[in-house]
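Reviewing the structure listed below.
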4 protein chains.
Amino acid sequence: MPVKGESRSVTANARRAQILTATIETIAELGYGQASFARIAERAGLSSTRLISYHFAGKDELISALIADVYADMGRFMAERMADCADARDALATYIRSVVAYIAAHRAQMQALMSVFLGYRSESGASSYDADSEREVLGHLQGILRAGQESGAFRPFDTFVMAATVQRSIDGLPFLLRTAPDLDLEAYAEELAELFDRATRSAP
Amino acid sequence: MPVKGESRSVTANARRAQILTATIETIAELGYGQASFARIAERAGLSSTRLISYHFAGKDELISALIADVYADMGRFMAERMADCADARDALATYIRSVVAYIAAHRAQMQALMSVFLGYRSESGASSYDADSEREVLGHLQGILRAGQESGAFRPFDTFVMAATVQRSIDGLPFLLRTAPDLDLEAYAEELAELFDRATRSAP
Amino acid sequence: MPVKGESRSVTANARRAQILTATIETIAELGYGQASFARIAERAGLSSTRLISYHFAGKDELISALIADVYADMGRFMAERMADCADARDALATYIRSVVAYIAAHRAQMQALMSVFLGYRSESGASSYDADSEREVLGHLQGILRAGQESGAFRPFDTFVMAATVQRSIDGLPFLLRTAPDLDLEAYAEELAELFDRATRSAP
Amino acid sequence: MPVKGESRSVTANARRAQILTATIETIAELGYGQASFARIAERAGLSSTRLISYHFAGKDELISALIADVYADMGRFMAERMADCADARDALATYIRSVVAYIAAHRAQMQALMSVFLGYRSESGASSYDADSEREVLGHLQGILRAGQESGAFRPFDTFVMAATVQRSIDGLPFLLRTAPDLDLEAYAEELAELFDRATRSAP
DNA sequence: CATGAATGAGCGTTCATTCAT
DNA sequence: TATGAATGAACGCTCATTCAT
């Protein structure tokens with residue numbers, strides 16, 4: 001039985017990573033609903049699903065770990081990109097461009113993440129992962145928007161609505177990429193940046 | 001074994017409607033993945049799941065019927081609302097307000113529809129319903145946007161990106177309503193209308 | 001509820017015949033195991049399986065009627081052909097040629113009959129139809145063989161074994177025709193006639 | 001989920017054998033059509049049908065395994081018996097006696113095999129097992145017959161027809177044994193041997 | 001750390017049949 | 001005579017999980 005405390009052995013972590021990778025690929029390809037332990041084990045080349053149950057307490061923990069992993073990776077990426085932004089307008093545009101860039105470079109992960117968010121209802125906890133993560137992500141965006149309003153760069157508007165709209169405009173990309181894999185994401189990002197700059201800025 | 005020909009009997013249609021209602025409620029509440037025939041039958045107060053299989057050829061047909069029903073209803077609602085719009089700016093704002101209004105009045109239906117779109121992969125057809133319906137919906141929006149650009153009311157922008165962004169900003173509402181049922185949708189709609197008016201209009 | 005007594009109305013008989021024809025075709029094509037009421041009704045163009053249940057007390061009666069029908073028809077055919085046979089050798093050869101000829105002209109019926117015999121276990125009665133019919137058919141053949149032995153035309157042998165062998169050599173034809181529909185049945189019959197003439201006759 | 005690679009564990013093989021035995025008994029007694037997983041599991045004393053699904057990929061694999069098992073066993077038996085035959089006449093008689101002897105000693109297996117052949121339509125493959133196996137079995141018999149014709153021991157005749165007739169005369173035995181379990185199979189074999197010797201031999 | 005074996009519950013579907021017109 | 005509606009039981013199969021090494 002694997003550790004519940006703080007650290008895990010090296011090989012255990014390797015196995016977990018291997019399983020998570022297979023899980024991401026499976027969900028990205030078949031959708032959350034079709035991602036059974038059996039199919040994940042098959043893709044990972046495991047002899048039985050038992051190995052998944054062994055390294056993860058259950059499906060809930062597997063999905064939680066997946067979300068945490070992707071979020072952590074994306075968080076690192078975003079933190080680096082957002083480090084030096086001149087002002088709020090720059091920060092918003094940079095945010096949009098950065099998330100789109102991350103999605104472009106991690107299609108499977110993002111596809112899987114979205115599929116999980118939309119297909120997953122934890123039967124243990126009352127609230128879904130969606131709610132918590134959502135609040136967190138939107139919180140960050142709202143921070144940027146509020147700062148812009150305070151500095152006078154942004155016009156008055158409901159920061160929650162604006163943040164949600166920005167986020168949704170990006171969230172949908174993984175699904176869009178399913179049916180249009182050749183989409184020019186850089187151009188897409190520029191269009192969005194321009195769109196939300198006009199939607200938010202105070203001056204004409 | 002009902003129907004091969006053209007029409008259905010009155011009682012059969014009543015049963016179908018009853019089952020569809022229960023299906024919508026079940027999916028809206030539990031998500032597509034948890035919406036089994038058993039749970040639907042239980043909610044509908046049916047003696048056995050056999051009745052569902054009897055009135056619908058299979059799960060595929062049940063879901064197809066659900067989508068068609070909701071779409072038809074929404075289509076009627078939208079057509080009425082969009083009938084007389086002065087210009088493109090008005091049309092865009094009306095579109096946003098109308099869809100939001102429809103969602104506000106048909107939360108369960110929309111919740112179910114979204115859940116189906118995101119959790120459903122038809123094993124029969126290659127493409128999911130999502131792809132086809134999406135194209136259709138976006139097509140309508142793109143029509144409004146292009147008309148505005150041609151009349152000079154809208155600035156130049158990629159109509160596909162803009163249409164997708166508008167649509168996503170509304171699509172997400174059913175999910176938002178899950179965690180925030182008390183959201184002021186009228187205000188939300190006004191914020192979106194203002195947001196996209198600024199994002200699209202040509203003049204300062 | 002249809003008659004249990006002796007006669008049936010004209011239209012009822014027509015319906016029964018229509019259903020029996022569809023049943024024969026269905027069984028011949030898909031095998032007894034796949035011949036459900038639903039599939040039979042579909043092939044017969046009936047609106048519901050209820051019509052079958054209405055005209056036949058149950059599956060057992062449907063199958064019984066099928067067997068009886070085919071047997072009666074084959075019986076008439078055979079009686080005519082076997083009418084004037086010079087001697088036992090002639091009778092045996094004629095029997096073989098006649099049954100083969102009948103099979104050639106009624107492939108679906110025979111295919112269905114065989115499929116029923118081999119796939120059917122009446123849950124009501126203890127003995128299967130096979131046993132009774134078998135005895136009857138073999139009885140006829142044994143009669144021919146015994147007569148030949150008494151007249152000295154046939155050598156001594158176990159008439160039951162010989163009759164069974166003759167019958168099996170013909171029974172299998174419907175199945176053979178499945179995989180080899182172009183089989184020359186006339187030639188086949190001649191080979192069998194020669195084979196069993198040599199196997200039975202007394203003189204060298 | 002047992003095995004993707006090459007071999008199976010000891011206990012797994014034991015379970016498979018146990019399940020196969022129960023399957024054979026069930027089919028032999030009730031016929032292929034009534035041999036559900038539930039009935040097989042009950043006979044085998046398994047806690048649930050899940051164990052069957054666990055050890056065999058599906059009903060198709062279960063039936064395939066059954067056929068392969070019985071054929072392999074019969075093949076070994078026949079190979080040993082047919083090892084030293086003086087000539088074609090001897091070979092033919094030995095073939096008949098051997099198959100009958102095998103049937104006598106393995107009634108349930110043969111009953112099951114026949115029931116499967118006649119009641120089974122694989123939905124995966126276009127052709128049934130019957131067709132392939134049939135060709136193989138008849139091929140062997142035809143080999144014996146052709147050799148006899150070439151050596152002059154056998155008269156000219158269609159080897160396919162003769163082989164099919166021989167085979168059918170034996171195939172039917174399992175069914176005959178159902179209604180007449182006390183049949184003297186040794187005597188039966190002798191009658192058949194004599195019958196087909198006369199039918200095939202060239203000299204008077 | 002890993003694994004084969006086993007499990008009960010649930011899935012969507014199909015079955016022959018009965019009820020009520 | 002015909003029919004739509006309804007039904008419970010059973011089907012093969014897959015699910016995530018647990019037991020015992």
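Chain letters run A, B, ... following the sequence lines, proteins first, then strands; residues in each count from 1.
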Name the nucleic acid region contacted by [X], choosing base, sugar-phosphate or nothing; use a 4.0 angstrom heavy-atom cut-off, strictly under.
{"X": "Ser53(B)", "answer": "base"}
{"X": "Thr49(D)", "answer": "base"}
{"X": "Ser48(B)", "answer": "base"}

Roughly, in whole Å, what's the span from [atom1] in [X] to [atom2] in [N]?
{"X": "Leu51(D)", "N": "dA6(E)", "atom1": "CG", "atom2": "P", "value": "5 Å"}
{"X": "Phe56(A)", "N": "dT18(F)", "atom1": "CZ", "atom2": "C1'", "value": "18 Å"}
{"X": "Phe37(D)", "N": "dT7(E)", "atom1": "CZ", "atom2": "P", "value": "16 Å"}
{"X": "Arg39(C)", "N": "dT13(E)", "atom1": "CZ", "atom2": "P", "value": "15 Å"}
{"X": "Glu42(A)", "N": "dT14(F)", "atom1": "CD", "atom2": "P", "value": "12 Å"}
{"X": "His55(B)", "N": "dA6(F)", "atom1": "NE2", "atom2": "C1'", "value": "8 Å"}
{"X": "Tyr54(C)", "N": "dC19(E)", "atom1": "OH", "atom2": "P", "value": "15 Å"}
{"X": "Arg15(B)", "N": "dT7(F)", "atom1": "CZ", "atom2": "C1'", "value": "12 Å"}

Verify the contact: side-chain N or O of Arg50(A) to OP1 or OP2 of dT18(F), cut-off strictly under 4.0 Å; return yes or no.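 False: Arg50(A) side-chain N/O out of range (4.0 Å or more) of dT18(F) OP1/OP2.
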
Presence of Ser36(A) side-chain N/O under 4.0 Å of dC15(F) phosphate oxygens OP1/OP2: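 Yes, Ser36(A) has a side-chain N/O under 4.0 Å of OP1/OP2 on dC15(F).
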
Hey, which of Arg43(B), Gln111(B), Arg178(B) is the one that makes side-chain hydrogen bond (donor to acceptor under 3.5 Å, both in side chains) with Glu29(B)?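 Looking at Arg43(B), Gln111(B), Arg178(B), the match for Glu29(B) under the side-chain hydrogen bond (donor to acceptor under 3.5 Å, both in side chains) is Arg43(B).
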
Between Ser115(D) (side chain only) and Ala28(D) (backbone N and O only), is there a donor and an acceptor less than 3.5 Å apart?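 No.
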
Please confirm whether the backbone N or O of Ala38(B) pairs with a side-chain atom of Thr49(B), one donor and one acceptor, at under 3.5 Å?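 Checking the backbone N and O of Ala38(B) against the side chain of Thr49(B), no donor-acceptor pair under 3.5 Å is found.
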
Passing option when Phe37(C) is tested against Thr23(C), Thr26(C), Leu46(C), Leu62(C) for side-chain contact (heavy atoms from CB on, under 4.5 Å):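 Of all the options given, the one that passes is Leu62(C).
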
Selected nucleotide, minimal atom distance to Ser47(D) side chain, candidates dC11(E), dA5(F), dT7(E):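 Closest nucleotide among those given: dT7(E).
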
Quick check: closest heavy atoms across Tyr32(D) and Val116(D), and the distance to 0.1 Å?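 Heavy atoms of Tyr32(D) and Val116(D) come nearest at CD1-CG2, 4.0 Å.
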
5' precedence on DNA chain E between Val10(D) and Gly58(B) (nearest-nucleotide basis):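 The residue mapped nearer the 5' terminus is Val10(D).
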
Relative to the 5' end of DNA chain E, which residue comes earlier, Ala57(B) or Asn13(D), by the nucleotide with the nearest heavy atom?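 Checking each residue's closest nucleotide, the 5'-ward one belongs to Asn13(D).
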
Does a sphere of radius 6.0 Å around CD in Glu61(D) hold more than 12 heavy atoms from other residues, nucleotides or ligands, not counting ones at 6.0 Å or beyond?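 Result for CD/Glu61(D): enclosed.
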
Nucleotide pairing, DNA chain F (Watson-Crick or G-U, distances under 3.5 Å), in dot-bracket with [ ] and |: .||||||||||||||||||||

